[in-house]
Protein chains: 2
Amino acid sequence: MRSTHTHSKKNQSLTKNQRIVLDLLQNSGEPLKAYFILDSLKKEGLNSPLQVYRALDKLVELGKIHKIESINSFIICNNSNCASNTAFTICERCGKVKEIKNKYLKDSVSDLVKDNQLEITRYNLEFYVLCKSCKIN
Amino acid sequence: MRSTHTHSKKNQSLTKNQRIVLDLLQNSGEPLKAYFILDSLKKEGLNSPLQVYRALDKLVELGKIHKIESINSFIICNNSNCASNTAFTICERCGKVKEIKNKYLKDSVSDLVKDNQLEITRYNLEFYVLCKSCKIN
DNA sequence: CTCTAAGTGTTATATTATTACATATGTAAT
DNA sequence: ATTACATATGTAATAATATAACACTTAGAG
């Protein structure tokens with residue numbers, strides 16, 4: 001048998017644009033805005049907003065990054081398997097964002113929506129907090 | 001004592017612009033976009049985006065309306081006392097938005113964040129669903 | 001090798017939101 | 001009533017965010 005019919009979804013390697021956008025978000029670790037990404041990657045050959053937005057769209061779709069709607073920013077995913085369900089804390093004072101990665105949260109939310117008779121397909125939760133260092137100062 | 005120092009916050013009546021924007025959202029009942037509101041209220045004398053955004057900002061601050069971040073839209077508040085905490089369902093198919101007004105949800109979330117050692121000041125929850133009529137068809 | 005889906009590059013444009021500044025209005029204290 | 005002050009208004013300009021349209025290229029399956 002000449003080929004192991006390996007179209008088992010194919011571990012789809014990223015394209016150049018997707019790669020450099022992902023790398024930037026990975027190295028940064030904090031939420032970045034599309035046009036900031038564009039400026040940062042001019043030297044890598046990204047010239048237009050659309051190139052950035054297309055890469056971002058794909059990465060969101062793959063669950064490798066998330067969009068934080070309330071600040072129009074994108075952040076590297078801190079979990080696995082959370083392509084659709086996201087939960088963040090956002091510091092009201094300094095703007096720092098953290099992804100909540102507690103599996104327990106997911107279960108809690110599942111219970112919560114079950115109790116409220118919601119049939120959710122996915123969710124996006126944004127919790128505004130006062131982060132530790134802001135609380136101290 | 002010469003004056004009953006009645007600056008008890010004053011039940012702040014709305015200004016004209018705030019009023020007509022609120023009325024439109026009230027009558028509509030569904031999420032509207034700022035520029036749609038502007039177009040709709042041209043005849044009422046609203047001429048610039050800023051007039052709309054200023055009214056919207058104030059109404060959000062007063063808790064009379066909410067912004068749904070993921071669709072850049074504003075919707076009349078369906079509850080009372082939820083100026084800061086909001087929860088919506090958004091149909092993935094038809095886009096229909098409903099505010100979740102169950103007090104139980106609020107308690108659940110409080111518990112949830114307590115258990116996760118979050119000190120939240122407010123939250124915005126967006127649950128994507130398939131609404132009844134979309135599920136049927 | 002050929003076909004096809006997906007991605008690219010580019011220009012133009014649409015959509016969403018804010019800055020800056022001069023003027024007007026409502027409310028409270030005098 | 002008059003002043004003082006915070007808040008709201010009107011307007012023009014512009015910033016920030018996002019998508020449409022179209023021609024071309026590339027990667028991978030058969």
Side-chain angles (χ1 to χ4, degrees), chain A residues 1-25 31-62 64-75 95, chain B residues 1-25 31-62 64-75 95:
Chain A
M1 169 199 305
R2 57 171 111 43
S3 108
T4 65
H5 77 306
T6 12
H7 40 270
S8 53
K9 206 53 133 195
K10 204 171 87 284
N11 198 349
Q12 201 155 19
S13 62
L14 299 177
T15 67
K16 172 180 157 278
N17 288 356
Q18 291 160 11
R19 185 82 256 159
I20 62 178
V21 169
L22 182 62
D23 284 348
L24 180 63
L25 284 165
L32 301 181
K33 287 170 170 278
Y35 277 73
F36 176 90
I37 293 172
L38 177 57
D39 288 342
S40 303
L41 296 179
K42 283 260 165 72
K43 53 184 177 307
E44 314 286 340
L46 285 196
N47 295 309
S48 85
L50 199 44
Q51 293 176 301
V52 173
Y53 280 108
R54 284 196 285 223
L56 289 171
D57 285 350
K58 190 64 185 182
L59 293 169
V60 166
E61 188 189 320
L62 295 173
K64 297 195 177 300
I65 66 173
H66 301 302
K67 180 173 189 183
I68 303 167
E69 296 288 354
S70 59
I71 52 174
N72 300 314
S73 300
F74 299 85
I75 192 169
Chain B
M1 169 196 305
R2 57 167 105 50
S3 106
T4 65
H5 74 306
T6 8
H7 35 276
S8 57
K9 210 52 139 195
K10 206 173 89 279
N11 199 350
Q12 203 154 21
S13 63
L14 299 177
T15 65
K16 171 178 158 278
N17 288 356
Q18 291 160 10
R19 184 82 255 158
I20 62 178
V21 169
L22 182 62
D23 284 349
L24 180 63
L25 285 165
L32 301 181
K33 288 171 169 278
Y35 278 74
F36 175 90
I37 293 172
L38 177 56
D39 288 342
S40 303
L41 296 179
K42 282 260 165 71
K43 53 184 175 310
E44 314 286 338
L46 285 195
N47 295 308
S48 84
L50 198 43
Q51 293 176 301
V52 173
Y53 280 108
R54 284 197 285 223
L56 289 170
D57 285 350
K58 190 64 186 182
L59 293 169
V60 166
E61 189 190 320
L62 295 174
K64 297 195 176 299
I65 66 173
H66 301 302
K67 180 173 187 182
I68 303 167
E69 296 288 353
S70 60
I71 53 173
N72 301 314
S73 299
F74 299 84
I75 192 170

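A, B, ... follow the sequence lines: proteins, then strands. Residue 1 opens every chain. Nothing here was measured: the structure is a model prediction, and the numbers come from that model. For the numbers below, each heavy atom of this structure counts, side chains included, while hydrogens, waters and symmetry mates do not.
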Legend entry - Axis deviation across the helix from dC1(C)-dG30(D) to dT30(C)-dA1(D), five-pair ends, to the nearest 10°: 40°

Inset, instruction - Kindly compute the distance separating CG (Asp57(A)) from CG (Leu62(A)), expressed to the nearest 0.5 Å. - result: 11.0 Å

Inset, instruction - For dT10(C), take OP1 and OP2 only and decide whether either is under 4.0 Å from a side-chain N or O of Asn47(A). - result: yes

Inset, instruction - Round to a whole Å and report the spacing from CZ of Arg54(A) to C1' of dG9(C). - result: 7 Å

Inset, instruction - In whole angstrom, give the distance that lies between atom NZ of Lys42(B) and atom C1' of dG10(D). - result: 14 Å

Legend entry - Length of the line joining Leu38(A):CG and dT19(D):P, which is rounded to integer Å: 15 Å

Legend entry - Rounded distance (Å) that lies between atom C1' of dT7(D) and atom CG of Leu62(B): 12 Å

Inset, instruction - Can you measure from CD1 (Ile65(B)) to CD1 (Ile68(B)) and round to the nearest 0.5 angstrom? - result: 10.0 Å

Would you be so kind as to tabulate the donor-acceptor pairs closer than 3.5 Å made by side chains of residues 33-44 of chain B, with sequence neighbours excluded?
unit_1, atom_1, unit_2, atom_2, d
Lys33(B), NZ, Ile71(B), O, 3.1
Ser40(B), OG, Phe36(B), O, 2.8
Lys43(B), NZ, Ser40(B), O, 2.5

Inset, instruction - Working to the nearest 0.5 Å, report the span between CZ of Phe74(B) and CG of Leu56(B). - result: 4.5 Å

Inset, instruction - Rounded to the nearest angstrom, tell me the gap between atom CG in Leu46(B) and atom P in dT9(D). - result: 9 Å

Legend entry - Distance in angstrom units between Gln51(A) CD and dG7(C) C1', rounded: 11 Å

Legend entry - Heavy-atom pair with the smallest gap, counting every atom of Arg19(B) and Leu14(B): NH1-CD1, 3.5 Å

Legend entry - Approximate separation, where rounding is to 0.5 Å, of Lys67(A) NZ and Ile75(A) CD1: 14.0 Å

Legend entry - Gap between atom CG of Leu46(A) and atom CD1 of Ile20(A) - 0.5 Å precision: 4.0 Å

Legend entry - N/O (side chain, Lys58(A)) to phosphate O (OP1/OP2, dG7(C)) under 4.0 Å: yes

Inset, instruction - Rounded off to whole Å, could you give me the CD-to-P distance for the Glu44(A) and dT8(C) pair? - result: 14 Å

Legend entry - Rounded distance (Å) that lies between atom P of dG7(C) and atom CD of Glu61(A): 8 Å

Inset, instruction - Identify which one of Leu25(A), Val21(A), Leu22(A) satisfies the side-chain contact (heavy atoms from CB on, under 4.5 Å) criterion when paired with Lys64(A). - result: Leu22(A)

Inset, instruction - Heavy atoms under 4.0 Å is the rule here; annotate nucleotides 11-18 of chain C 5' to 3' with B where the base is hit, S where only the sugar-phosphate is, and - elsewhere. - result: B----BBB

Legend entry - side-chain N/O Thr15(B) vs dG26(C) OP1/OP2, d < 4.0 Å: no

